[in-house]
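Please read all numbers here as calculations on a predicted model, not as lab measurements. Atoms within each ligand, like the ligands themselves, are counted from 1 in listed order. What you see below is based on every heavy atom in this structure, not just the backbone, and it leaves out hydrogens, waters and symmetry mates.
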Amino acid sequence: MKLYRTQTGFFAEKDGNYFSINATDWDDLLASPDIYEHVKNSLSTRIESLDDHQVLAPVVSQEVWAAGVTYFRSRDARIEESKDAGGGTFYDRVYHAERPELFFKATGRRVVGPGKPVRIRTDASWSVPEPELTLLISSAGTITGYTIGNDMSSRDIEGENPLYLPQAKVYDGSCALGPALLLSPDPLPRTTSIQLQVSRKGSIAFSGATTLAELKREPKLLAAYLFRDNSFPHGVFLMTGTGIVPGDSFTLASGDIVRITIDGIGTLENPVA
Ligand code: DO4
Ligand code: MG
């Protein structure tokens, strides 16, 4: 079952049919460890279809956090981009360490929904989208759903010095989430594919794909680390890291269209402002 937050209310898609939901508080819904049951019991009027243009980012008061260097490809790319800053070992060490890299990514205000522009920093010269499976975690710390995330990143800034990571990662329009929340307590199959396509002036400027089999860390363990000494009364989103990094000559440009598809969840598409 999928859940959508829209300009006119909340809707669910179940077995190919769309229903409005008898619920008024998004934060209460997302906090609940029983969100699947809540939504199932709140299905109301059946509607013909959902207007894509009305779909909003599935976030209100939730914080968005992110895991990093969870795929070998990300480890490789970070080592390369930070080599002049002495980045030779720390990305490799975090890739192998028991404690994952977790960082604060965005407040709801900085997140854009489907169709809305993501931004590249005005003081960055090398920017990429990072397509990431994103977990919905209840206030009790249980994974209750999944969505698609874009962890927009300024590679020149994080490569210059790892202490600049928050500036490379957190700024207005630096994160996109949506369109749907796939509600399920079950892990997604390891064969689940994640695809990224960047279009520029009608042509494909970059495309790549990976699968969850390449994700080095269990989503459950990432969630458990996030909840160590941290509480999230409205629930929280956790991006699980990127396994797709374009080659070093690629940088995003204004007008590009970023399209991220994850099996079973859908496609998140955003223009670059
Ligand atoms: O350590 C830098 C950021 C890593 C990241 O965002 C990722 O691997 O997805
Ligand atoms: Mg990332």
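- Atom CD of Q7 is surrounded by more than 12 heavy atoms from other residues, nucleotides or ligands within 6.0 Å.
- Distances between N or O atoms of T70 and those of ligand 1 include no value under 3.5 Å.
- With distances taken over non-hydrogen atoms, the option nearest atom 2 (C) of ligand 1 out of R73, E101, K105, E81 is E101.
- Residue R200 qualifies as enclosed at atom CZ: its count of foreign heavy atoms under 6.0 Å is above 12.
- In the model, S153 has a side-chain atom that pairs as donor or acceptor with a side-chain atom of E130 under 3.5 Å.
- Residue-ligand proximity, G68 to ligand 1, at heavy-atom distances under 4.0 Å covers atoms 4 (C), 5 (C), 7 (C), 8 (O).
- In this structure, the protein non-hydrogen atom closest to atom 5 (C) of ligand 1 is R78 NH2, 3.3 Å.
- Taking the Mg ion (ligand 2) as reference, E130 places its N/O/S atom OE1 nearest.
- Backbone and side-chain nitrogen or oxygen atoms of V69 are examined, and one is located within less than 3.5 angstrom of a nitrogen or oxygen of ligand 1.
- At most 12 non-hydrogen atoms from other residues, nucleotides or ligands lie less than 6.0 angstrom from OH of Y164.
- Angle OE2(E132) to the Mg ion (ligand 2) to OD2(D151): 100° [nearest 10 degrees].
- Residue Y91 places a heavy atom under 4.0 Å from ligand 1.
- R228 forms a cation-pi arrangement with Y225, by the criterion of a distance under 6.0 Å to the ring centre and an angle within 45° of the ring axis.
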(request) Quick one: do S174 and K105 satisfy side-chain contact (heavy atoms from CB on, under 4.5 Å)? Show the steps, please. (result) CA-CA 8 Å; S174 63; K105 175 62 190 175; 3.8 Å; yes
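- The distance from ligand 1 to the heavy atoms of S74 drops below 4.0 Å at these ligand atoms: 7 (C), 8 (O).
- Residue contacts with ligand 1, taken as heavy atom pairs separated by less than 4.0 Å, involve F103 solely via side-chain atoms from C-beta onward.
- Ion pair R190/E214 not flagged as a salt bridge, since none of the NZ, NE, NH1 or NH2 atoms sits closer than 4.0 Å to an Asp/Glu carboxylate oxygen.
- Contacts with ligand 1 closer than 4.0 Å are made by side-chain heavy atoms of D151 only, the backbone lying farther away.
- Between R155 and D248 there is a salt bridge, since at least one side-chain N of the basic residue sits less than 4.0 Å from a carboxylate O of the acidic one.
- For ligand 1, the polar-atom distance check finds an N/O of E130 within less than 3.5 Å of one of the ligand's N/O atoms.
- Near G241, with a cut-off below 4.0 Å to any heavy atom, the atoms of ligand 1 are 9 (O).
- The shell of residues lying under 4.0 angstrom from ligand 1, judged by heavy atoms, includes E132.
- Nearest protein heavy-atom contact of atom 6 (O) of ligand 1 is K169 NZ, 2.7 Å.
- The backbone N or O of S44 sits nowhere less than 3.5 Å from a side-chain atom of S20 that would complete a donor-acceptor pair.
- Considering backbone and side-chain atoms alike, T242 places an N or O below 3.5 Å from some N or O of ligand 1.
- Of the charged side-chain nitrogens involved, at least one lies within less than 4.0 Å of a carboxylate oxygen, so that K169 and D151 count as a salt-bridged pair.
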